[in-house]
Asker: 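There's a structure below that I have some questions on.
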Amino acid sequence: MDESAVGVYETFIRDMLQVFLSRYKEFENVKDLSDFDKGRQLAYWEILDIIKTRKDIISDVLSEEEIDAG
């Protein structure tokens, strides 16, 4: 895989994580969340988990390609 493509993927994933984390932090100081906001909070956790899983998969694939190429 092209090195520049790897950088683009990493930047994209990092940017997405930063946006989701900043939005999730909106709930830090809120004592009583509405049902809607509780749902949003759970959705953010799900999305973060999905992104992290995809990042791990991409990292594993790229590592395997480096091993195979080496």
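Remember, it's a predicted structure, so these values are computed and weren't measured experimentally.
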Asker: Let me confirm one number: the CG-CD1 distance from D56 to I51, rounded to the nearest 0.5 Å.
Answerer: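 It comes to 12.0 Å.
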Asker: Distance-only check: which donor-acceptor pairs under 3.5 Å involve side-chain atoms of residues 14-25, not counting sequence neighbours?
Answerer:
residue	atom	partner	partner atom	Å
S22	OG	Q18	O	3.4
S22	OG	V19	O	2.8
Y24	OH	Q41	NE2	3.4
Y24	OH	W45	NE1	2.7

Asker: If hydrophobic clusters are built from ILVMFWY residues whose side chains come within less than 4.5 Å, do L42 and V30 share one?
Answerer: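 Different clusters.
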Asker: Run the salt bridge (Lys or Arg N to Asp or Glu O under 4.0 Å) test against R40 and tell me which residues pass, sequence neighbours left out.
Answerer: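 Here the qualifying residues are E26, D37.
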